[in-house]
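What you see is a predicted model; the values in this text were computed from it and never measured. The figures here come from the full heavy-atom set of this structure, side chains too, leaving out hydrogens, waters and symmetry mates. By convention in this document, chain letters (A, B, ...) are assigned in the order of the sequence lines, proteins followed by strands, and residues within each chain are numbered from 1.
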Amino acid sequence: MDGERMDYLEGLNDRQRDAVLHTEGPLLIMAGAGSGKTRVVTHKIAYLIEEKGVYPSSILAITFTNKAASEMKDRVKELIDADVDKMWMGTFHSICVRILRRDIDRLGYDRSFTIYDRDDQITLMKECIKELNIDKTMYKESAVLSKISSLKDASIEPDSYINENYSEFRERTIGELYALYEKKLKKYNALDFDDLIIKTVVLLKENKDILEFYQNKFKHVFVDEYQDTNKIQYEFARLLSGKHENICVVGDSDQSIYGWRGADIGNILNFEKDFENSTVILLEQNYRSTPNILNVANKVIGNNFERQAKNLWTNREEGEKVVYEQLDYSEEEGHFIANKIHQLIYKGYKLKDIAVLYRTNAQSRTFEESFMKEELPYKIVGGLRFYDRKEVKDVIAYLKVLQNPNDNISIKRIINTPRRGVGLATISKIEEYAIEHGESFYGALLSLDEIDSLNARAKNSVSPFIDTMNVLMAKKEVMGLKDFIEEMISSIGYIEELKKEDTIEARTRIENIKEFISVALNFENINEDATLEDFLASVSLLSDVDKTVDENNLITLMTIHSAKGLEFKVVFVVGLEEGLFPSFRSLESDEDIEEERRLMYVALTRAEEVLFITNAKRRTIYGNTNYTLPSRFIEEMGDTIEKPEVKKANIQSKSADESLIRIKDFTMPNLNYNPAMMKKRNDGDKEVNIGDKVKHKKWGIGTVAMVKEREGDKELTIAFDKGGLKRLLLSIAPIEIIGG
DNA sequence: ATTTGTTCTTGTCGG
DNA sequence: AAGAACAAAT
């Protein structure tokens, strides 16, 4: 084995090697984009296990997504033959669930607790607003929730917030909502995402024995993407590493992009102060991108004032210039990129090498349309997600209730799904009864006969539901996960209901439910003795990236936030317009603009070889077409990018402020812009569809029977009136399209 | 009176 | 696309 020892250090640069060999005491690895941090961490773990005799079970590694965790495991496994499944690797949330499942009863919760996602939170908040008779036009659920989230992160209790803001009506009301929200969560035996970490920290702090158990267990703690941790996550990591003090955090302050959800860039900036005897190692050599790409990224991020000086460098080949293209309409962005992709594929790039990155999910649609038209296979990460589909959420809600009958939010979702004739009036009567008798909603259902306010018809509608649920609860105990879910779906008649509809939409819903069943089957296959609890938790804690399959050769469409930590040979960063990127919500604060700039930095540094940035002069979004200004970031890039030939004199010669006002004046809702018309104008003879009539020099009139992509060109199969079937290449064939 | 069907509004980033 | 407000149907 002696000869292999050096393997852990082979191919590492000096700085990386230092990081691997530093095994005692707090360590911060300031890892610039593409500087090989995952490599360092995996080699370090391998080194610890193989050379320092550390048990895999003594290692805790916190990653940003579950996918990152499993990749890390795989990579350690490639280096050494160790039982990597014994390591605790996962997101903050999944690690915390694991801890809570064991001991949450000490905090007065049941171990079968439910995890509330964003939608559940909103429903719960609606319930609170209604119950306190608050003017709902004044308090938006999402706004109240984000305030509550930041209060929770700062460990401010509802009562103290109310007292501190007693004279401020609005703040006091938010405090009251906060108090009720917390009360209900507890009553429903549910935890929101923030709670998962907060309650774990509380559990550890209040129970010395549990804290000591984990402190002894974890001899080495790793935290990836440290720049995006919040206060409570910091506390959690600090607690767990409290005994051995071997905490290794990895991050890049230039890539801190989650400030809006409480991430505290101060965690990484103050690491040296926070942890005594700590060491900092800087990784500045970039292995990912060409100098041309790095120049652009460095140039942009250099405009951030609040920043630790750092400069990425590389010794890679120069590469191609970064190209900036401005289109006339947002719809043309899609066409332009589709065309470029055809060229890139002709050059030998694979679809999976290519990513389109945007600021908001809403932008994905134009690319979907173009790619479908051009027959370019793609996948979308995030956006309208499988797990957000109504039918999938319904099925999950059933499972949540069966696992935790106290989960009122889910019960109310499913009690009339599929339709059973149970309406709002019936539900509120049951709820009244429950409150009156100090019971849970489900408890009230069990004593349905005693609810006098309900008439016979209502009771008849509700009682089959209860019977079904009771039977299912019993079956849950004796059946396997996948079989049970199938049994559940068939006994509630969900699919039958959809079949009756007999629409395309209903059919896709059925498909989605079947897909969900296979997700369960898959989970069961991977995890022996998979419980419903485990399955539900894992489903709740999947990130957008976790939810997409990566086996296929597809173009990736996603937000820049989702792209964090990923890399692609070819990257298109789109929609570089003031108000879109940077987002209009950030325009007024320097701090927010700096975060947008870091986001831009993240986007640019995803690219390895080819990078395009685009924007449009007019953008249609949410049904309105507006004139736009190029993003300030483009100007900041200066001459590091290649701009298209300057077209005419542009109106942007005025100062930015003046132009902004102009934009407002010129905003035209419903410009009546028709993308179909534009296509004719731009694409001319490029656009061919099945059924189009064409005229050929030699064979005369024919009808297009087939269109097939062929290395950036199109191969047409045309049925000619005289001459039969011919296969022709669009670019060279002497044909003229004469109508559709 | 209650439920079901239809139109209208809304819309960063996400575990 | 989905929820809310409103209208129609039982």
*Asks:* Is any side-chain heavy atom of A:Ser543 closer than 4.5 Å to one of A:Lys547?
*Replies:* no

*Asks:* With a 4.0 Å limit, can you tell me whether A:Asn361 has a side-chain N or O closer than that to the phosphate oxygens OP1/OP2 of B:dC13?
*Replies:*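 So the side-chain polar atoms of A:Asn361 do come within 4.0 Å of the phosphate oxygens OP1 or OP2 of B:dC13, strictly under.
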
*Asks:* Please check the phosphate of C:dG3 (OP1 and OP2 only) for any side-chain N or O of A:Lys390 closer than 4.0 Å.
*Replies:*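 No, no such contact exists.
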
*Asks:* Would you indicate what A:Arg509 reaches in the nucleic acid, counting non-hydrogen atoms under 4.0 angstrom: base, sugar-phosphate, or nothing?
*Replies:*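 It contacts sugar-phosphate atoms only.
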
*Asks:* In whole Å, I'd like the distance from the CG atom of A:Asp394 to the C1' atom of C:dA2.
*Replies:* 12 Å

*Asks:* So that I can compare with my own list, what are the stems of DNA chain B, taken as at least three consecutive Watson-Crick or G-U pairs with distances under 3.5 Å?
*Replies:*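 In DNA chain B, stems of three or more pairs: B:1-10 with C:1-10.
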
*Asks:* In whole Å, I'd like the distance from the CG atom of A:Asp192 to the C1' atom of B:dG15.
*Replies:* 11 Å

*Asks:* May I ask you to evaluate whether A:Ser562 reaches the phosphate of B:dG14, defined as a side-chain N or O under 4.0 Å from OP1 or OP2?
*Replies:* yes

*Asks:* State whether A:Lys140 places a side-chain N or O below 4.0 Å from either non-bridging phosphate oxygen (OP1 or OP2) of B:dG11.
*Replies:* yes

*Asks:* Is any side-chain N or O of A:Thr559 closer than 4.0 Å to OP1 or OP2 of B:dT12?
*Replies:*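 Result: no.
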
*Asks:* Can you measure A:Lys564 atom NZ to B:dG15 atom C1' for me and round it to whole angstrom units?
*Replies:*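 Result: 11 Å.
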
*Asks:* What does A:Asn416 touch in the nucleic acid at a heavy-atom separation under 4.0 angstrom: a base, only the sugar-phosphate, or nothing?
*Replies:* sugar-phosphate

*Asks:* Quick check on B:dG15: is either OP1 or OP2 less than 4.0 Å from any side-chain nitrogen or oxygen of A:Asn66?
*Replies:* no

*Asks:* Using the side-chain contact (heavy atoms from CB on, under 4.5 Å) criterion, which residues pair with A:Asn512? Sequence neighbours excluded.
*Replies:*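 side-chain contact (heavy atoms from CB on, under 4.5 Å) check on A:Asn512 returns A:Phe386, A:Arg389, A:Glu391, A:Val392.
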
*Asks:* Would you tell me if any nitrogen or oxygen in the side chain of A:Thr426 comes within less than 4.0 Å of OP1 or OP2 on B:dT3?
*Replies:* yes

*Asks:* For A:Tyr258 and B:dC13, are the ring centres under 5.5 Å apart with planes inclined under 30°?
*Replies:* no

*Asks:* What pairs with A:His561 under ring-ring contact (aromatic ring centres under 6.0 Å, His included), at least two apart in sequence or on another chain?
*Replies:*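 Scan of A:His561 (ring-ring contact (aromatic ring centres under 6.0 Å, His included), adjacent residues dropped) gives A:Tyr258, A:Trp260.
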
*Asks:* Output yes when at least one side-chain N/O atom of A:Lys547 is less than 4.0 Å from OP1 or OP2 of B:dG15, else no.
*Replies:* no

*Asks:* Using whole Å, what does the distance between atom C1' of nucleotide B:dT3 and atom NZ of A:Lys459 come to?
*Replies:*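 Checked: the NZ to C1' distance equals 19 Å.
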
*Asks:* Can you check the A:Leu541 CG to B:dG14 C1' distance for me, whole Å?
*Replies:*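 That distance rounds to 13 Å.
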
*Asks:* Using a cut-off of 4.0 Å on non-hydrogen atoms, how would the nucleic acid contact of A:Ser583 be classed: base, sugar-phosphate, or nothing?
*Replies:*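 Base contact.
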
*Asks:* What does A:Leu424 touch in the nucleic acid at a heavy-atom separation under 4.0 angstrom: a base, only the sugar-phosphate, or nothing?
*Replies:*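 If one applies the 4.0 Å heavy-atom cut-off, A:Leu424 turns out to touch the sugar-phosphate alone, with no base involved.
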
*Asks:* Have A:Asp407 and A:Tyr116 got a donor and an acceptor in their side chains that come within less than 3.5 Å?
*Replies:* yes

*Asks:* Where the side chain of A:Lys126 is defined as all heavy atoms beyond and including C-beta, which of B:dG14, B:dC13, C:dG3 is the nearest nucleotide?
*Replies:*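 Of the candidates, C:dG3 comes closest.
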
*Asks:* Start at the 5' end of DNA chain B and walk down; is the nucleotide closest to A:His93 or to A:Arg457 reached first?
*Replies:*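 So the residue in question is A:Arg457.
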
*Asks:* Within this structure, what is the CG-to-P distance between A:Asp228 and B:dC13, rounded to whole angstrom?
*Replies:*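 Spelled out: CG on A:Asp228 to P on B:dC13 is 16 Å.
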
*Asks:* Check for a donor-acceptor pair, side chain of A:Ser540 on one end and backbone N or O of A:Leu536 on the other, with a separation under 3.5 Å.
*Replies:*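 Indeed, once roles are kept as given, a pair shorter than 3.5 Å links the two residues.
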
*Asks:* Near A:Arg101 CZ, under 6.0 Å, is it more than 12 heavy atoms from other residues, nucleotides or ligands?
*Replies:* yes

*Asks:* Choose from C:dG3, B:dT2, B:dG14 the nucleotide whose nearest atom is closest to any side-chain atom of A:Lys429.
*Replies:* B:dT2

*Asks:* Under 6.0 Å from the six-membered ring centre of A:Tyr109 and within 45° of its axis: does the NZ or CZ of A:Lys186 meet both?
*Replies:*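 Ring-cation test returns yes.
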
*Asks:* Closest nucleotide of DNA chain B for A:Trp260 versus for A:Val422: which of these residues is on the 5' side?
*Replies:*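 In this pair, the answer is A:Val422.
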
*Asks:* Between atom CD in A:Glu595 and atom P in B:dC13, what is the gap in whole Å?
*Replies:* 14 Å

*Asks:* Quick one: is A:Arg419 getting a side-chain N or O under 4.0 Å of the B:dG5 phosphate, OP1 or OP2?
*Replies:* yes

*Asks:* Regarding B:dC13, can its base be found pairing with the side chain of A:Arg359 as donor and acceptor, where the two atoms are less than 3.5 Å apart?
*Replies:*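 Side chain to base: pair found, below 3.5 Å.
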
*Asks:* Does A:Glu496, at its CD atom, have more than 12 non-hydrogen atoms belonging to other residues, nucleotides or ligands within less than 6.0 Å?
*Replies:*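 Yes, enclosed.
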
*Asks:* Return the value, rounded to whole Å, for the distance between atom CD of A:Glu596 and atom C1' of B:dC13.
*Replies:*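 A:Glu596 atom CD is separated from B:dC13 atom C1' by 8 Å.
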
*Asks:* Just so I know, are the side chains of A:Arg606 and A:Glu567 near enough to count as touching, which here means a heavy-atom distance under 4.5 Å?
*Replies:* no

